[in-house]
2 protein chains.
Amino acid sequence: MLPYEHIGYIGAMTNSPNDVTPYRLCKADALPPSDQHAQQYAAVRNAHETELLEDYVELIADLLKHQGEARSTDIAARMGVSQATVSKTVTRLKSLGLVSSKPYRSLFLTEKGEAMAAMSHQRHAIVLKFLRALGVSDHTARIDAEGMEHHVSQETLDIMQRFSREQERGGS
Amino acid sequence: MLPYEHIGYIGAMTNSPNDVTPYRLCKADALPPSDQHAQQYAAVRNAHETELLEDYVELIADLLKHQGEARSTDIAARMGVSQATVSKTVTRLKSLGLVSSKPYRSLFLTEKGEAMAAMSHQRHAIVLKFLRALGVSDHTARIDAEGMEHHVSQETLDIMQRFSREQERGGS
DNA sequence: CTAATATTTTAGCCAAGGTTAACTTATTAG
DNA sequence: CTAATAAGTTAACCTTGGCTAAAATATTAG
Ligand SMILES: [Mn+2]
Ligand SMILES: [Mn+2]
Ligand SMILES: [Mn+2]
Ligand SMILES: [Mn+2]
């Protein structure tokens with residue numbers, strides 16, 4: 001399958017009345033049709049809604065696994081925010097049925113929370129491994145993966161995984 | 001340079017008193033040191049602050065280039081939000097010195113706005129091209145790029161660009 | 001020129017995610 | 001056991017980025 005099959009939108013419909021744009025001028029970087037463009041931004045807004053929740057449950061799962069318990073003071077330190085912020089977000093996580101806890105006590109994940117944590121963790125790992133396989137330094141890969149992970153579709157994840165696997169074999 | 005040099009954090013310092021985690025159990029996916037971990041999240045929060053601004057100036061530049069003017073009604077349609085939302089965000093862009101306009105008239109970019117738009121556009125283009133070169137479908141690549149672009153460091157961008165270039169030559 | 005329509009702005013609302021400061025509860029030292 | 005310290009919560013505040021409904025301005029049709 002060849003890349004660059006759909007470059008630009010030469011034949012795309014445009015409903016603006018003053019569409020006198022000469023065909024030749026905007027070759028490869030014309031605007032996508034309005035509705036598709038809107039879909040792109042909507043997908044990003046969508047990702048933003050769950051981003052923080054995913055990071056929290058992932059971190060809580062990691063702390064439970066590696067430290068035995070997930071205290072909100074650790075979360076605050078690891079996230080680099082105040083404890084008050086953690087407290088409020090945890091309240092939200094509880095109201096969403098992702099986390100359970102008694103006041104002043106350690107945190108736990110619900111079934112739903114564990115499911116989300118597992119998926120987030122796997123996705124995070126795939127992206128991180130891919131970036132390292134690409135040749136990105138560990139430090140940078142970790143930073144980029146933390147943000148990118150929330151904006152990578154399943155299709156791209158599959159391709160990233162395949163790439164890492166091939167790299168692993170054929171890697172010099 | 002071999003990948004997977006720094007896997008995990010076996011030798012990392014941990015200051016938690018109840019650190020009885022057996023060495024063998026958490027091999028490849030131990031938690032990074034607290035301060036580095038916090039840096040990751042801080043970088044993401046940082047990106048979130050400019051994300052929308054970047055998308056706006058980029059879109060405004062695109063509209064100016066392809067349609068001759070940037071009306072807030074077009075922005076609203078392309079972003080998939082209400083005109084009121086656009087109006088408010090444009091007020092913010094103006095207060096940040098990125099956009100200029102007279103009331104009820106079309107929008108323009110300041111020098112600063114154009115600079116930001118140029119950088120954002122280039123970064124966006126690199127990410128999109130990279131995803132297509134990887135083999136991701138055009139539709140998915142556009143969606144993923146719209147979100148990923150804001151979380152990709154210069155180091156990774158350089159590597160993506162090199163990858164796309166090599167793909168272009170050796171591509172079957 | 002006037003009336004209808006389209007565009008832009010404003011006002012009032014909301015949720016998320018951050019802050020500091022003050023308070024409450026747990027844990028630890030003596 | 002009590003006092004000091006650590007951890008967690010709550011209250012009050014802020015900015016961002018959404019929304020709807022209403023008002024103001026521009027543009028277009030007749
Ligand atoms: Mn993650
Ligand atoms: Mn993340
Ligand atoms: Mn962009
Ligand atoms: Mn974007």
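Within every chain, numbering begins at 1; the chains are lettered A, B, ... in the order of the sequence lines, protein sequences first and strands thereafter.
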K.L.:
Nearest heavy atom decides the nucleotide; on that basis, is B:Lys94 or A:Lys88 closer to the 5' end of DNA chain C?
P.N.:
B:Lys94
K.L.:
By nearest nucleotide on DNA chain C, pick out whichever of A:Met79 and A:Arg105 is the more 5' one.
P.N.:
A:Met79
K.L.:
Does B:Thr85 place a side-chain N or O at less than 4.0 Å from the phosphate oxygens OP1/OP2 of D:dG18?
P.N.:
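Negative; the distance criterion is not met.
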K.L.:
Report the distance from atom CD of A:Glu69 to atom C1' of D:dA7, rounded to the nearest whole Å.
P.N.:
11 Å
K.L.:
Do A:Gln83 and A:Thr73 pair up side chain to side chain, a donor and an acceptor below 3.5 Å, judged on atom types alone?
P.N.:
yes
K.L.:
Taking CD1 from B:Ile75 and P from C:dT7, how many angstroms apart are they, rounded to a whole number?
P.N.:
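Spelled out: CD1 on B:Ile75 to P on C:dT7 is 13 Å.
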K.L.:
Can you tell me if A:Ser120 and A:Glu149 form a side-chain donor-acceptor pair at under 3.5 Å?
P.N.:
no
K.L.:
Under 4.0 Å, counting only non-hydrogen atoms across every strand here, what does B:Thr73 touch: a base, just sugar-phosphate, or nothing?
P.N.:
sugar-phosphate
K.L.:
Using 4.0 Å as the upper bound for N to carboxylate O, is an ion pair formed by A:Arg142 and A:Asp138?
P.N.:
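Yes, this pair counts.
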K.L.:
What is the distance, to the nearest angstrom, from the CG atom on A:Asn46 to the P atom on D:dG17?
P.N.:
17 Å
K.L.:
Quick one: is D:dG17 close enough that its OP1 or OP2 comes under 4.0 Å of any side-chain N or O from A:Arg45?
P.N.:
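No.
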K.L.:
When you check the phosphate oxygens OP1 and OP2 of C:dT8, does a side-chain N or O of B:Arg71 lie under 4.0 Å from one of them?
P.N.:
yes
K.L.:
Rounded to the Å, how far apart are A:Arg78 CZ and D:dA7 C1'?
P.N.:
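Value for this atom pair: 17 Å.
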K.L.:
Does the side chain of A:His150 pick up a donor-acceptor pair with the side chain of A:Asp55 at under 3.5 Å?
P.N.:
yes
K.L.:
Using whole Å, what does the distance between atom P of nucleotide D:dG18 and atom NE2 of B:His48 come to?
P.N.:
12 Å
K.L.:
Please state how far atom OH in B:Tyr104 lies from atom C1' in D:dA24, giving the value in whole angstrom units.
P.N.:
4 Å
K.L.:
Regarding A:Ser82, tell me which of base, sugar-phosphate or nothing describes its non-hydrogen contacts under 4.0 Å with the strands shown.
P.N.:
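Base contact.
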K.L.:
Indicate whether OP1 or OP2 belonging to D:dG8 is found under 4.0 Å from a side-chain N or O atom of A:Ser87.
P.N.:
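No, outside the criterion.
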K.L.:
Once you round it to whole Å, what is the distance between P of C:dG18 and CG of A:Asp55?
P.N.:
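Rounding to the nearest Å, CG of A:Asp55 and P of C:dG18 are 10 Å apart.
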K.L.:
When you get a sec, tell me which of C:dT10, C:dG18, D:dT9 is the closest nucleotide to the side chain of A:Gln83?
P.N.:
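Between C:dT10, C:dG18, D:dT9, the one nearest the side chain of A:Gln83 would be D:dT9.
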K.L.:
Taking all non-hydrogen atoms of both residues, which atom of B:His151 and which atom of A:Gly147 are closest, and how far apart?
P.N.:
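Looking at all heavy atoms of both residues, the closest pair is ND1-CA, 3.6 Å.
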K.L.:
Find the distance A:Lys102:NZ to D:dG8:P and express it as a whole number of Å.
P.N.:
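One finds 17 Å between P of D:dG8 and NZ of A:Lys102, rounded.
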